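Worksheet for the structure shown next.
What you see is a predicted model; the values in this text were computed from it and never measured. Start at 1 and go down the list; that is how both ligands and their atoms are numbered.
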Amino acid sequence: NADAAMYRAKELGRGNFQFYAEEMNARTLDRLKLEGGLRRALQRDEFELYYQSQVELSSGRIVGMEALLRWNPPGGAVVLPGDFIPIAEETGLIVPIGEWVLRQACAQQVAWREAGLRDVRVAVNLSARQFKQQDLARLVAQVLAETGCRPQSLELEITESVIMERPEQATAMLQTLSDMGVHLSIDDFGTGYSSLTYLKRFPIQTLKIDRSFVADLINDADDAAIVCAVIALAHTMGLSVIAEGVETEAQLDYLRAQHCDQLQGYYFSRPLPAAQVAALLAA
Ligand code: C2E
Ligand code: MG
Ligand code: MG
Ligand code: MG
């Protein structure tokens, strides 16, 4: 955003430097407010996990739930992760927040199972900073032990770009997590650039096709070709593949014809608070 403001300022010319400075100032204030709010949010218990169903195409059954973080600041509307995760990441607050997410999601998985509901896997997103923490595997092991969640009931989603930033280190970390029995998937696949050599070596189970490719699948031949290629690639490598952002029946039909394994998107369910998800898992 700072870059965008800078670019705009340059475009407007020297005479507008005053305007640019004022805009930056407002931005900095907003940022500080946001940062302060985020710092207090954990203590005040303002975070909440929503869950979105992951559906197996062949059976139509819910096989997983992706945990998606929401922030309910006092007196304000719910804030989506796109509006606070980047700052949490920059300030390092993502580390304690991410730990809360992991613990909460694992505890929820156990609560559903113990309530006799469908025993689904819970998927948790890991940020770049979290994935680089040396003690990530120890934290995961500790949270699994504390909550009683089985490793195979936890899926960790790491984005392609985070993994490809330092592929050697990432491979080692993925291997450690995989040895623990945790399910691993690459999120937003297709938006970064994975080397196929690495992809073959990553001890992962699932590729998640980014929803930007699914959105125009029906009208855009290039996106359709990418989706087909990713599904074929995943299957050739013995991986399963899930399409994100499925909103229409036409997309569903297309993905079925291409033998995509799982689907996730508004067509099936929006992300919902845990209490509402229980009803879906009972059905
Ligand atoms: P993501 O992991 O790729 O999650 C999928 C996003 O797509 C979610 O946005 C979800 O609400 C949205 N989505 C699902 N189905 C549809 C659909 O049919 N149409 C459209 N238009 N959108 C759909 P959300 O919840 O705003 O999360 C955005 C991103 O924030 C996530 O992308 C993930 O990268 C990040 N995030 C969410 N929760 C966490 C968390 O606990 N920790 C970390 N580190 N990142 C998180
Ligand atoms: Mg995800
Ligand atoms: Mg994704
Ligand atoms: Mg995404």
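- One hydrophobic cluster holds both Phe47 and Tyr51 under the rule that ILVMFWY side chains link at heavy-atom gaps under 4.5 Å.
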For Glu168 and Arg201, what are the C-alpha separation, side-chain angles and deciding distance, and is it a salt bridge (charged side-chain N to carboxylate O under 4.0 Å, His left out)? CA-CA 10 Å; Glu168 297 290 347; Arg201 283 171 25 200; 3.7 Å; yes
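- The backbone N or O of Val214 lies less than 3.5 Å from a partner atom in the side chain of Gln251, making a donor-acceptor pair.
- Residue contacts with ligand 1 for Glu66 involve side-chain atoms from C-beta outward but no N, CA, C or O (heavy atoms, distance under 4.0 Å).
- Residue Asp188 approaches the Mg ion (ligand 3) most closely through its N/O/S atom OD1.
- Note on ligand 1: Gly98 sits outside its first shell, no heavy atom being nearer than 4.0 Å.
- Looking at Gln52 against ligand 1, only its side chain comes within 4.0 Å, counting heavy atoms.
- Proximity to Glu247 (heavy-atom distance under 4.0 Å) selects the following atoms of ligand 1: 17 (C), 18 (O), 19 (N), 20 (C), 21 (N).
- Open room surrounds CZ on Arg61; 12 or fewer heavy atoms of other groups in view lie less than 6.0 Å from it.
- With a 4.0 Å heavy-atom cut-off, ligand 1 is reached by no atom of Asp210.
- Residues Arg70 and Pro81 have side chains in contact (heavy-atom distance under 4.5 Å, counting atoms from C-beta outward).
- With respect to the Mg ion (ligand 2), Glu157 has OE1 as its nearest N, O or S atom.
- Within the 4.5 Å cutoff, side-chain heavy atoms of Leu156 are placed close to those of Leu102.
- Taking a 4.0 Å cut-off on heavy atoms, Lys208 fails to register as neighbouring ligand 1.
- Among the atoms of Glu244, an N, O or S atom falls under 2.8 Å from the Mg ion (ligand 3).
- When side chains are defined from C-beta on, Leu68 counts as touching Asn125, because their heavy atoms get closer than 4.5 Å.
- When only interatomic distances are considered, the shortest N/O to N/O separation between Asp188 and ligand 1 falls below 3.5 Å.
- Against a heavy-atom cut-off of under 4.0 Å, Glu244 is close to the following atoms of ligand 1: 3 (O).
- Checking Asp210 against the Mg ion (ligand 3), every N/O/S atom stays at or beyond the 2.8 Å cut-off.
- Among the heteroatoms counted here (N, O or S) of Asp187, OD1 is the one nearest to the Mg ion (ligand 3).
- Every N/O-N/O distance between Leu68 and ligand 1 stays at or above 3.5 Å.
- Using a 4.0 Å cutoff on heavy atoms, Glu89 does not count as a contact of ligand 1.
- In terms of distance to the Mg ion (ligand 2), the nearest N, O or S atom of Glu66 is named OE2.
- Among Val241, Thr206, Leu199, the single residue meeting the side-chain contact (heavy atoms from CB on, under 4.5 Å) criterion with Phe189 is Leu199.
- When the side chains of ILVMFWY residues are joined at heavy-atom separations under 4.5 Å, either directly or via intervening members, Val122 and Leu184 end up in a single hydrophobic cluster.
- Checked against a 3.5 angstrom limit, the closest N/O atoms of Gln264 and ligand 1 fall outside it.
- The ligand atoms of ligand 1 that sit less than 4.0 angstrom from a heavy atom of Val101 are 41 (O).
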Worked check of salt bridge (charged side-chain N to carboxylate O under 4.0 Å, His left out) between Lys208 and Glu155: CA-CA 12 Å; Lys208 297 194 75 175; Glu155 172 169 346; 5.9 Å; no
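- The ligand atoms of ligand 1 that sit less than 4.0 angstrom from a heavy atom of Pro271 are 11 (O).
- One option in Gly265, Pro81, Ala67, Ser212 has a heavy atom closer to atom 26 (O) of ligand 1 than any other, and that option is Pro81.
- Under 3.5 Å, the side chains of Glu35 and Thr91 contain no donor-acceptor pair of N or O atoms.
- Here Asn125 meets the criterion, with an N, O or S atom under 2.8 Å of the Mg ion (ligand 2).
- The part of Val246 lying near ligand 1 is the backbone, judged by heavy-atom distances below 4.0 Å.
- When only modelled atom types and interatomic distance are considered, Gln52 and Glu66 share no side-chain donor-acceptor pair under 3.5 Å.
- When every heavy atom of Glu157 is checked against every heavy atom of Ala123, the shortest pair comes out as OE2-CB, 3.6 Å.
- Distance alone, capped at 3.5 Å, places no donor-acceptor pair between the Arg121 side chain and the Gly64 backbone.
- In this comparison of Tyr266, Tyr50, Phe47, the heavy atom closest to atom 23 (C) of ligand 1 sits on Tyr266.
- With a heavy-atom cut-off of 4.0 Å, Asp187 touches ligand 1 through its side chain alone.
- Side-chain contact between Gln130 and Val162 is absent, with no heavy-atom pair separated by less than 4.5 Å.
- Ligand 1 places these atoms under 4.0 Å from at least one heavy atom of Ser127: 44 (N).
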